[in-house]
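Note on naming: letters A, B, ... go to the chains in the order of the sequence lines (proteins, then strands), and numbering restarts at 1 for each one.
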Amino acid sequence: MVKHQRHYWLMKSEPHCFSIDDLAAEPNQTACWDGVRNYQARNFLRDAIKVGDGVLFYHSNIAKPAIVGVAEVTRAGYPDHTALDPNGDHFDPRASEDNPIWYMVDVRFLAKLPVPLTRDFLAEHPVLATMDVLRKGNRLSVQPVTEVQWQAVLQVAGLSDPFVTGGA
DNA sequence: GCCAACGTTGGC
DNA sequence: GCCAACGTTGGC
């Protein structure tokens, strides 16, 4: 029997818009990751991200951008209905029920890192220095993370891997 | 606030 | 299909 291979992702958010604390405060600590309007990120949301995948929550566009928490995917890609709302910030007149164009996933809060992992810190770490998010000019708001990077984040944060339950 | 990097748009 | 102009992202 073949089990789904868990994948890992980094998702950016501007904390004054939606922060890790906002996610933790949501009902069921779960929110839909809406408003992504970039095709490459859309493709990840629509095609690649699956229930159970791990998410590194990254705060962007602040003085000290950093990975601040971890979350998990609780619903795979489905149409982002905010594209259909003409009064919303994420309205896209080209989108329709039949052709949603944009997709989102649901993510649930797992943990806040005891200390945010800043870019400066990441850049000094032998494994984490390779993360896509550090690449100059990388604007992708949803990007893949390797399992090695995922485990390194948890290790340096002093957290146990939430997907490893006892044993092993 | 600056500006480099990038994605998108639209004229041709 | 090319590419210049433009808008946005996001670190600094």
Using 30° and 60° as the class boundaries, would you call the ring planes of A/Trp33 and A/Phe18 parallel, tilted or perpendicular? perpendicular
Please give, in whole Å, the distance from B/dT8 P to A/Tyr39 OH? 7 Å
Are the side chains of A/Asp80 and A/Asp92 in touch, meaning some heavy atoms are under 4.5 Å apart? no
Could you tell me the separation between the CG atom of A/Asp92 and the P atom of C/dT8, rounded to a whole number of Å? 14 Å
Mind calculating the distance between CH2 (A/Trp102) and C1' (B/dT8) to the nearest angstrom? 10 Å
Here the distance between atom C1' of C/dT8 and atom NE2 of A/His90, to the nearest Å, is 14 Å
Closer to the 5' end of DNA chain B via nearest nucleotide, is it A/Asn61 or A/Asn38? A/Asn61
4.5 Å side-chain heavy-atom contact, A/Leu117 and A/Met131: no
Would you kindly give the CZ-to-P distance between A/Arg135 and C/dT9, to the nearest whole Å? 18 Å
5' precedence on DNA chain B between A/Arg94 and A/Gly137 (nearest-nucleotide basis): A/Gly137
Can you tell me the distance, in whole Å, between the CG atom of A/Asn138 and the C1' atom of B/dC6? 10 Å
Tell me: CD of A/Gln143 to P of B/dG7, nearest whole Å? 12 Å
Would you indicate, yes or no, if C/dT9 has its OP1 or OP2 atom less than 4.0 angstrom from a side-chain nitrogen or oxygen of A/Lys12? no
If only side-chain N and O atoms of A/Tyr58 are considered, is one of them under 4.0 Å from the OP1 or OP2 phosphate oxygen of C/dG11? yes
Contact under 4.0 Å: A/Arg119 side-chain N or O vs C/dC12 OP1/OP2: yes
Where the side chain of A/Lys136 is defined as all heavy atoms beyond and including C-beta, which of B/dA4, B/dC6, B/dT9 is the nearest nucleotide? B/dA4
Decide whether A/Ser60 and A/Arg139 meet the rule of one side-chain donor and one side-chain acceptor closer than 3.5 Å. no
Atom CG of A/Leu140 and atom P of B/dG7: how far apart are they, to the nearest Å? 8 Å
Ring centre gap for A/Tyr78 and A/Trp102 strictly below 6.0 Å: no
